[in-house]
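Reviewing the structure listed below.
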Amino acid sequence: MLNPMPSPTDAQADLIAYLDFHVEAGADTALDEQPHDRFNEADTPAPTLRAPRRAAPRPVEQPVSPVANTLVPPPGSAPPAAAPRTFGRAASAQPDEAASDARARARQAKSLDELERILADFDACPLRFTAKNLVFADGNPEARVMFLGEAPGADEDRIGKPFMGRSGQLLDKMMKAVGLDRTSAYIGNIVPWRPPGNRNPTPQEVAVCRPFVERQIELVDPDIIVCLGAPATQTLTGTKDGILRTRGRLFPYKLPNREVKLLATLHPAFLLRQPVQKRLAWRDFRSLRALLDGKA
């Protein structure tokens with residue numbers, strides 16, 4: 001007769017319970033204190049723990065959605081890839097096509113209010129979908145002088161008006177120094193939407209927005225246009241020179257029925273970075289005052 005198996009000691013019982021716990025938790029390989037290169041031991045089976053006695057798993061049927069009558073992916077599976085996000089025509093419109101459409105739409109505007117509505121509905125410029133607000137203009141549309149910057153910043157994008165941040169505060173002081181304010185000047189940008197991260201607008205973005213700002217200038221019909229910075233100056237004059245070479249210069253600008261003067265000067269944001277250049281901007285604003293007084 002076989003001898004009965006001796007009962008396990010308390011320590012052995014604890015060890016068995018410990019191993020059973022890890023097996024139930026999903027552990028299937030025993031590790032030791034020395035590292036092993038499992039890539040070189042691919043053909044050598046690793047020691048395994050005592051496998052628990054379990055019933056064979058039943059096949060899981062994938063549920064069917066009652067709404068779409070399609071299979072629902074099992075829990076834990078990767079979701080299907082989302083379709084690429086598109087925004088109106090901005091995701092597919094070619095720059096030349098978008099600029100041509102912009103010219104046709106801008107010509108339809110008979111007033112500044114109508115131009116703003118057309119621009120708000122224009123969907124061929126991708127900047128429209130990354131900005132919070134359309135930044136159309138501020139000030140007096142009957143003013144003799146029109147200031148044009150490059151593009152809105154974070155403050156302007158939040159408020160919806162141009163030159164609202166630190167550079168706008170400096171522009172207000174510069175205008176006040178020559179007897180102007182936002183009731184006697186009209187202010188805008190060549191690009192009415194903020195580029196992401198305050199980056200410079202691309203040439204394609206400028207080209208798409210240019211017909212709108214040109215029509216905006218025609219509807220305001222100012223006597224003097226002041227371009228703040230190189231992008232605005234280069235866009236409206238066609239020059240390739242930097243702003244330090246063009247500032248203080250007067251350019252002719254043709255409106256439908258007459259020719260007006262365009263003055264290039266430094267952008268207030270540039271002056272905040274390089275305050276020593278304010279002396280040059282002061283000369284330009286004195287020239288602006290002389291033009292308005294008919295002394296230049």
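Numbering starts at 1 and runs along the sequence shown.
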Q. Around E142, counting heavy atoms of other residues, nucleotides and ligands shown, do more than 12 lie under 6.0 Å from its CD?
A. no
Keeping [X] on the side-chain end and [Y] on the backbone end, is there a donor-acceptor pair under 3.5 Å?
X	Y	value
R215	A109	yes
R289	V178	yes
T130	L127	yes
D96	A99	no
Q234	P231	no
T246	G242	yes
R258	D221	yes
D157	N133	yes
S100	E97	no

Are [X] and [Y] packed together at the side-chain level, in the sense that at least one heavy-atom pair is separated by less than 4.5 angstrom?
X	Y	result
D101	V208	no
W193	L134	yes
L180	L288	yes
R144	P222	no
D123	R128	yes
L115	Q216	yes
C227	T265	no
V206	E150	no

Nearest 0.5 angstrom please: [X] [atom1] to [Y] [atom2], how far?
X	Y	atom1	atom2	answer
I118	R107	CD1	CZ	11.5 Å
F251	T237	CZ	OG1	4.5 Å
M175	S184	CE	OG	7.0 Å
K254	E218	NZ	CD	13.5 Å
L112	L219	CG	CG	5.0 Å
F136	L119	CZ	CG	6.5 Å

**Q.** side-chain contact (heavy atoms from CB on, under 4.5 Å) evaluation trace for V220 with Y186
**A.** CA-CA 8 Å; V220 174; Y186 188 75; 3.4 Å; yes
Between [X] and [Y], which heavy-atom pair has the shortest distance, and what is it?
X	Y	result
A98	F122	O-CZ, 3.7 Å
L228	L266	CD2-O, 4.0 Å
C209	C125	SG-SG, 4.1 Å
L271	A281	CD1-CB, 3.7 Å
P201	E205	CA-OE1, 3.3 Å
G153	N198	CA-OD1, 3.7 Å

Q.
Could you see if F129 belongs to whatever hydrophobic cluster contains V135? Use Ile, Leu, Val, Met, Phe, Trp, Tyr and a side-chain cutoff under 4.5 Å.
A. no
For residues 158-172, which side-chain N or O atoms pair as donor and acceptor with protein atoms under 3.5 Å away, sequence neighbours left out?
from, atom 1, to, atom 2, distance (Å)
R158, NH2, D155, OD1, 3.3
D172, OD1, R182, NE, 3.0
D172, OD1, R182, NH2, 3.3

(Q) So, using salt bridge (charged side-chain N to carboxylate O under 4.0 Å, His left out) as the criterion, who are the partners of E116 when residues are at least two apart? (A) none
Side chains of [X] and [Y]: is there a donor and an acceptor less than 3.5 Å apart?
X	Y	answer
S111	D113	no
Y253	E214	no
D284	S287	no

(Q) Quick check on side-chain contact (heavy atoms from CB on, under 4.5 Å): which of L262, I217, I187 does L148 satisfy it with? (A) I217
Q.
Checking D121 against R117 for the salt bridge (charged side-chain N to carboxylate O under 4.0 Å, His left out) test, could you report, in this order, the C-alpha distance in whole Å, the side-chain angles of both residues, the deciding distance, and whether it holds?
A. CA-CA 6 Å; D121 292 335; R117 288 193 298 269; over 6 Å; no
Q) Going through the checks in order, is the side-chain contact (heavy atoms from CB on, under 4.5 Å) test met by R210 and I190? A) CA-CA 6 Å; R210 179 173 177 172; I190 58 172; over 6 Å; no
Q: Mind telling me whether F285 and F147 have parallel, tilted or perpendicular rings, with 30° and 60° as the class edges?
A: parallel
Q. Under the side-chain contact (heavy atoms from CB on, under 4.5 Å) criterion, do V260 and I224 qualify, and how do the steps go?
A. CA-CA 6 Å; V260 299; I224 305 168; over 6 Å; no
Q | Salt bridge flag under 4.0 Å for residues D223 and K261 | A | no
Q.
side-chain contact (heavy atoms from CB on, under 4.5 Å) for V191 and N189? Distances and angles first, verdict last.
A. CA-CA 5 Å; V191 172; N189 285 299; 5.6 Å; no
